Every structure is written in C-alpha cells, then in structure tokens.
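So the structure is just underneath, and the comments pick up after that.
Since we're looking at a predicted model, the values are computed, not measured. So that the names make sense, note that chain A is the first sequence line, chain B the second, and so on, each numbered from 1.
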Protein chains: 2
Amino acid sequence: MLRLSKRVEYGLMALQYLAKSGGVATAREISDAGQIPYELLAKVMQSLKHEGIIDSYQGVRGGYALLFSPESINLARVVRALDEHTTITECISPSGDHDACQMLHTCTIKAPMNKLQQRMEESIGSMTIAELL
Amino acid sequence: MLRLSKRVEYGLMALQYLAKSGGVATAREISDAGQIPYELLAKVMQSLKHEGIIDSYQGVRGGYALLFSPESINLARVVRALDEHTTITECISPSGDHDACQMLHTCTIKAPMNKLQQRMEESIGSMTIAELL
DNA sequence: TGAAATCAGACTATTTCAGTCCTATTTCCT
DNA sequence: AGGAAATAGGACTGAAATAGTCTGATTTCA
C-alpha cells in the first residue's frame with residue numbers, strides 16, 4: 001500500500017536531475033541518465049508541467065526546467081501531480097465530499113482515517129526536492 | 001498510491017470492533033456489522049492472528065479477541081500484518097537487503113527515500129487502535 | 001525545410017487486488 | 001456419537017490499476 005508509483009519515482013528522479021543541472025534538460029537526457037522509459041517519463045514531465053512545478057520549452061532547443069527553487073517544492077505537491085488518488089481511503093476526499101464513500105452508513109473509521117491522512121501528508125510535505133540533492 | 005488496501009481497512013474495522021466489544025467476536029458477526037465480505041474478512045483475521053495481534057478460538061463457540069490493549073496496538077503493525085509491501089519503493093527493504101533494487105546503479109534517490117519511509121512509518125505508528133474508539 | 005523537441009491521445013500488457021469457492025479441522029452441544 | 005458452527009488454508013477468477021508502447025501533431029531552431 002505504501003508503495004510509491006513508478007510515476008512518482010521517475011518524477012522525483014527527474015526533479016532531482018533538474019535541480020542538480022540548474023538549467024534546462026530534455027526528457028531524453030533525463031531518461032538516458034536514469035534509465036527511465038522515455039515515453040513514460042515524457043508523460044510524467046507533462047503532468048509536472050500542468051501542476052506548475054516545472055516549465056517547458058518546445059522546439060529543437062527545448063526541454064524542462066524548475067519553476068521554483070528546490071527548497072520550495074515539497075514532495076506532497078509532486079505526489080499530487082503524479083498520482084490519481086491522494087487519499088488514504090475513498091471515504092476521504094480533499095474537498096470534503098464525503099458522498100464518495102459507499103459505506104457511509106457502516107464505515108466506522110472515517111474520523112480517525114482523516115487524522116491519519118493529515119499526518120501522512122505532513123510527513124510527505126515536510127520533505128523537499130532540496131533534500132534529494 | 002497513498003491508498004490503504006481493503007485488507008487494511010477491514011482489519012482496522014475488525015480491530016475496532018474487537019476493542020469495543022472487549023471480548024470474543026466471530027468473523028461472521030464482524031462481517032455483518034460492517035458489511036464486509038465474509039471470506040475476505042476471514043483471511044484478514046488469519047493474518048492478524050499470524051502477526052500476533054489477535055488470538056483465535058476454534059470450534060462452535062470460537063472467535064477472535066485482541067491479544068493486547070487497544071493502546072498498545074499501533075497501526076504500523078496492522079499494516080505490516082496485512083500488506084505485502086510495506087516499503088515506499090522496492091529499493092528499500094526493511095532488512096537492509098538492497099540487492100532487491102534492480103536500478104541499484106542508476107537509482108539516485110535511495111537515501112532520501114529511506115528517510116521518507118521512516119517518517120511515514122512514524123506517522124502511521126503514532127496512531128493506535130485506541131484512537132479508533 | 002528538416003531535425004529535435006514537447007504535446008496528446010489511444011492502446012496493450014502486466015501486475016495487483018478484491019472477492020469467491022471449496023475442503024479440512026476443531027470444538028461445543030444435544 | 002454426531003451435527004452444527006466456527007477457524008484454517010489453498011486455489012481460483014474477475015476486475016481494476018499501473019506500466020509501458022505506439023502513433024501522430026505541433027513547435028522551434030539552425
């Protein structure tokens with residue numbers, strides 16, 4: 001359960017790479033350096049862009065670069081960008097939309113799960129890309 | 001990624017039930033109360049027994065009961081009992097068996113992932129069954 | 001104008017997970 | 001003694017999530 005998806009793994013490696021290089025790097029370059037499947041990495045980079053973590057430049061001299069300093073990009077944000085469900089259970093939705101839970105009437109652990117969810121996010125959010133360097 | 005498996009969800013509900021009842025309860029009883037698929041719950045209970053969290057009694061007046069007070073059963077232990085991989089990535093194995101990582105030479109985020117793993121476990125481990133009551 | 005890059009969607013394959021089924025064993029009660 | 005009710009455990013199926021691939025379009029620079 002606690003396993004990070006490959007998308008997140010690859011995303012972290014890519015962000016680390018960008019932070020180290022300090023400038024613009026292409027998906028191909030990062031893929032080669034980390035032995036990451038190119039097409040998959042390309043998707044990951046697009047997601048990171050949509051989340052506003054990195055910027056992209058098209059064309060032959062294009063590539064990707066960080067939009068913020070490594071210290072100000074925390075891992076919770078990265079996970080949010082790259083994973084579908086960021087909640088511990090389906091009961092818990094970030095917007096407080098509790099109708100999503102199908103066991104609403106029988107679920108007896110919703111409140112504590114919310115607490116746990118919060119603590120987990122704190123754990124992940126307390127770490128930044130700077131700590132990957 | 002951060003989603004708890006059904007096994008863990010059901011396990012927590014069952015442990016909560018046992019803590020509340022204070023005594024012995026059957027899988028059927030717990031399954032009915034929580035609308036949990038009986039066969040699946042039965043498997044979960046077996047796993048919890050193997051981990052040494054609960055005790056079981058066979059036969060017609062049998063059932064399950066907690067082996068410890070709710071305060072002394074933390075959720076990290078429950079997760080460990082009910083989930084296959086308790087590590088954030090395959091690089092990280094609890095026993096320090098780093099050979100499991102197939103990207104050993106190219107993986108550049110192992111050390112920080114270990115740190116994250118530790119923090120996550122602390123989060124989960126800081127909560128006990130008592131907090132589900 | 002061509003090469004190298006991002007962008008985007010559809011698709012396939014694999015693995016994981018939830019759930020079911022079947023049988024054996026134990027234990028209590030009549 | 002025997003039946004009912006419970007745990008124990010293995011094998012199996014189906015569905016869903018994930019990883020990875022393929023194809024084509026667009027942008028930009030030299």
Side-chain angles (χ1 to χ4, degrees), chain A residues 1-11 13-14 18 23-32 34-65 67 79 81-90 102-103, chain B residues 1-11 13-14 18 23-32 34-65 67 79 81-90 102-103:
Chain A
M1 57 143 284
L2 283 180
R3 179 131 307 175
L4 295 178
S5 67
K6 288 294 178 187
R7 281 173 60 84
V8 171
E9 258 188 66
Y10 296 158
M13 289 173 73
L18 291 179
V24 174
T26 68
R28 176 67 65 188
E29 185 184 343
I30 299 169
S31 148
D32 285 346
Q35 300 202 19
I36 303 169
Y38 169 73
E39 285 93 352
L40 188 49
L41 178 66
K43 292 291 167 58
V44 166
M45 300 311 277
Q46 285 177 30
S47 296
L48 290 175
K49 183 200 171 154
H50 285 140
E51 173 70 17
I53 296 176
I54 60 177
D55 203 356
S56 72
Y57 306 96
Q58 279 192 319
V60 67
R61 278 250 163 269
Y64 300 94
L67 262 174
V79 170
L82 297 177
D83 267 329
E84 311 309 320
H85 42 69
T86 45
T87 59
I88 244 57
T89 66
E90 41 177 340
Q102 312 215 341
M103 308 175 59
Chain B
M1 57 141 287
L2 284 180
R3 180 132 304 178
L4 294 178
S5 67
K6 288 292 177 190
R7 282 172 59 85
V8 171
E9 256 187 68
Y10 296 157
M13 289 172 73
L18 291 180
V24 175
T26 69
R28 175 68 64 188
E29 185 183 345
I30 300 170
S31 147
D32 285 346
Q35 303 201 15
I36 302 169
Y38 169 73
E39 284 93 353
L40 188 49
L41 178 66
K43 291 294 167 61
V44 166
M45 300 311 277
Q46 283 176 31
S47 297
L48 290 175
K49 185 201 167 152
H50 284 140
E51 172 71 16
I53 296 176
I54 61 178
D55 204 356
S56 73
Y57 307 95
Q58 281 190 314
V60 68
R61 279 252 164 266
Y64 301 93
L67 262 174
V79 170
L82 297 177
D83 267 331
E84 311 309 319
H85 41 237
T86 44
T87 57
I88 244 58
T89 66
E90 41 177 339
Q102 310 217 342
M103 309 175 57

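- Residues B:Gly23 and B:Ala65 approach most closely at O-CB, 3.6 Å, considering heavy atoms.
- Listed nucleotides C:dT6, C:dC7, C:dA18 differ in distance to A:Lys49; the shortest reach to its side chain belongs to C:dC7.
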Could you go over nucleotides 11-15 of chain C and give all protein N or O partners under 3.5 Å, atom names and distances?
none

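- Distances shown here put every side-chain N or O of B:Lys6 at or beyond 4.0 Å from the OP1 or OP2 atom of C:dG19.
- For the pair A:Tyr57 and D:dC29, the criterion of a side-chain N or O lying under 4.0 Å from OP1 or OP2 is not met.
- The two residues A:Thr89 and A:Thr87 have their closest heavy-atom pair at O-OG1, 3.0 Å.
- Looking at A:Gln58, its side chain comes within 3.5 Å of the base of C:dT6 through a donor and an acceptor atom.
- In terms of heavy atoms, B:Leu40 sits closest to B:Tyr10 at CD2-CE1, 3.5 Å.
- Residue A:His50 places at least one side-chain N or O closer than 4.0 Å to OP1 or OP2 of C:dA8.
- Heavy-atom minimum distance, A:Glu90 versus B:Lys6: OE2-NZ, 3.4 Å.
- From A:Glu9, atom CD reaches atom CD1 of B:Ile88 across 10.0 Å, with rounding to the nearest 0.5 Å.
- If you check C:dA18, C:dT6, D:dA6 against the side chain of B:Thr26, the one that comes closest is D:dA6.
- A heavy atom closer than 4.0 Å to some atom of DNA chain D occurs in B:Tyr38, B:Lys43, these being the qualifying members of residues 37-45 of chain B.
- Close to D:dA8, at under 4.0 Å from its OP1 or OP2, lies a side-chain N or O of B:Tyr64.
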Side-chain polar contacts of residues 44-59 of chain B - donor-acceptor pairs under 3.5 angstrom, sequence neighbours left out - could you list them?
from	atom 1	to	atom 2	distance (Å)
B:Ser47	OG	B:Arg7	NH2	2.9
B:Ser47	OG	B:Lys43	O	3.3
B:Lys49	NZ	B:Ser56	OG	3.0
B:His50	ND1	B:Gln46	O	3.3

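- A sub-4.0 Å separation between OP1 or OP2 of D:dA8 and a side-chain N or O of B:Ser56 is present.
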All N/O donor-acceptor pairs, side-chain side in residues 24-31 of chain B, below 3.5 Å, sequence neighbours left out:
from	atom 1	to	atom 2	distance (Å)
B:Thr26	OG1	B:Glu29	N	3.0
B:Glu29	OE1	B:Thr26	N	3.4
B:Glu29	OE2	B:Tyr17	OH	2.7
B:Ser31	OG	B:Ile36	O	2.8

